[in-house]
Amino acid sequence: MRVDPSRNGSVAVPEPMGAERFGELCEGILASIGRVIDGQAEAARLALTVLLAQGHLLVEDVPGVGKTMLAKTLARTIDCTVNRIQFTPDLLPSDVTGVSVYNQATRQFEFRPGAVFANIVIGDEINRASAKTQSALLECMEEHQVTVDGTSYALDEPFMVVATQNPIEMEGTYPLPEAQRDRFMARISMGYPDAAAEAEMLETHQSVSPLVGLEPVVSGDDVRAMAATVRSVFVSAAVKEYTVAIGRATRASERLRLGASPRAVLQLLRAAKARAALSGRDFVLPDDVAAMASSVLAHRLVLDRRAAGSGMTAPSVLDGIVAGVAVPAPGAGSMRRRA
């Protein structure tokens, strides 16, 4: 065990686990998700990538494709605390973070934790809550703590917010502001399953919920050790420069009014490290960075008015930007971990 400097030296975190054990646990999580969510292997893998990179996930798609089911299934695979928040226009910030209540017996105010005090927080239809309530998540997601009446309360690790939203139905919704979207490490779109997966769903999901009988695969301690393994993945100077170059290129693009923030570049590298670990490597390749760029950066970008008017999308513009950034040559800057 060692001390985590990001938590003011107050929390001990486990050492990285072995590659074989790491791979077994990852396969177990993905297999459990696959038994519930048919035909969404890529979405499940990305959700696990974000979990191991200690980020937050935004699942954005039309109704009925399994957004909330994916969030619930991921939470069920971990033996830890889970809370679900149904975001509605009348939801108050105190419902999320907690509130101080006066205790007449002790004549003191006592803090009553809100729904955000859990390892996995599922925020269903997050864009249906007011901007004031949405802003209650900003400190939680960035600093992993809640401040109420001048007192800060740390959230337990692991801590992950999995939020869903429907981009089609806009009546009675509050679009997420850029600052809120920037807190999410990645955004995924589930998409429709193929015909075979949809037929399998009709066969297996009729009589009982697929979540019934789903047992946890890993413990909270396992997840913390897996996250430590991801943090230990080696990144060469050349790959770091490549990651920074992609971020700076988005800011210089004439087709974008808002490019990637420094936080986005940092989270892109963390996601690339998690992807490398899931692929069985202890070092990051430029391909890892490029592969994660769309999921990590696209939802943070704001198109220029002319680009939006011409039918361009943030992912398509980003693909062009990534393609135009020079890729480090193999072995440049000692890309692989030194023996």
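These figures come from a predicted structure and were not determined experimentally.
Applying the salt bridge (Lys or Arg N to Asp or Glu O under 4.0 Å) rule to Arg270 yields no partners; only residues at least two apart in sequence or on another chain are considered. In terms of the side chain to side chain contact (heavy atoms under 4.5 Å, CB included) criterion, residue partners of Ser295 (sequence neighbours excluded) are, by chain and number, Leu46, Ala186. Thr133 pairs by the side chain to side chain donor-acceptor pair (under 3.5 Å) definition with Ser130, not counting sequence neighbours. Under the rule for a side chain to side chain contact (heavy atoms under 4.5 Å, CB included), the partners of Asn103 that lie at least two apart in sequence or sit in another chain are Ala105, Thr106, Glu110. Checked against side chain to side chain contact (heavy atoms under 4.5 Å, CB included), Ala227 has the following partners two or more places apart in sequence or in another chain: Gln54, Arg231. Tyr153 pairs by the side chain to side chain contact (heavy atoms under 4.5 Å, CB included) definition with Phe111, Phe117, Val148, Thr151, not counting sequence neighbours. Partners of Gln180 by side chain to side chain donor-acceptor pair (under 3.5 Å), not counting sequence neighbours: none found.
A salt bridge links Arg187 and Glu60; the closest N-O separation between the charged side-chain nitrogens and carboxylate oxygens is under 4.0 Å. At a threshold of 4.0 Å, the pair Arg45-Glu42 does not count as salt-bridged, since none of the basic side-chain nitrogens sits closer than that to a carboxylate oxygen. Using a 4.0 Å cut-off between charged nitrogen and carboxylate oxygen, Arg281 and Asp288 count as a salt-bridge pair.
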| task | Would you please test Thr147 and Gln145 for side-chain contact (heavy atoms from CB on, under 4.5 Å) and show each step? | result | CA-CA 7 Å; Thr147 301; Gln145 68 177 25; 3.9 Å; yes
Checklist line | Verdict with reasoning, Gln165 to Glu125, per side-chain hydrogen bond (donor to acceptor under 3.5 Å, both in side chains) | finding: CA-CA 4 Å; Gln165 71 169 352; Glu125 295 187 307; over 6 Å; no
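Heavy-atom minimum distance, Leu74 versus Ile29: CD1-CG2, 4.5 Å. When every heavy atom of Tyr174 is checked against every heavy atom of Gln134, the shortest pair comes out as O-NE2, 3.1 Å.
Judged as a salt bridge (Lys or Arg N to Asp or Glu O under 4.0 Å), the pairs with a partner in residues 81-103 (not counting sequence neighbours) are, in order, Arg84-Asp124. Sorted by first and then second residue, the side-chain hydrogen bond (donor to acceptor under 3.5 Å, both in side chains) pairs involving residues 245-259 (not counting sequence neighbours) form an empty list.
Judged by distance alone, the side chains of Arg300 and Gln267 do bring a donor and an acceptor atom under 3.5 Å apart. In summary, the side chains of Asp222 and Ser219 do present a donor paired with an acceptor at a separation below 3.5 Å, with no hydrogens or angles considered. Residues Ser32 and Arg35 have side chains that bring a donor and an acceptor to within less than 3.5 angstrom of each other.
Interatomic distance, CG of Asn83 versus CD1 of Ile120, reported as 10.5 Å (0.5 Å rounding). For the atom pair CZ (Phe22) and CD (Glu24), the distance works out to 12.0 Å, reported to the nearest 0.5 Å.
Grouped by direct or indirect side-chain proximity (heavy atoms under 4.5 Å, Ile/Leu/Val/Met/Phe/Trp/Tyr only), Leu92 sits alone. Residues near Leu138 contribute nothing to a hydrophobic cluster around it, because no ILVMFWY side-chain heavy atom sits closer than 4.5 Å to its side chain.
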Would you mind writing out the side-chain donor-acceptor pairs for residues 259-266 within the sub-3.5 Å range, not counting sequence neighbours?
{"residue": "Ser261", "atom": "OG", "partner": "Asp182", "partner atom": "OD1", "Å": "3.2"}
{"residue": "Ser261", "atom": "OG", "partner": "Asp182", "partner atom": "OD2", "Å": "3.0"}
{"residue": "Ser261", "atom": "OG", "partner": "Arg263", "partner atom": "N", "Å": "3.4"}
{"residue": "Ser261", "atom": "OG", "partner": "Ala264", "partner atom": "N", "Å": "3.1"}
{"residue": "Arg263", "atom": "NE", "partner": "Glu142", "partner atom": "OE1", "Å": "3.0"}
{"residue": "Arg263", "atom": "NH1", "partner": "Asp182", "partner atom": "OD2", "Å": "2.4"}

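Looking only at side-chain heavy atoms (C-beta outward), Thr313 and Ser316 come within less than 4.5 Å of each other.
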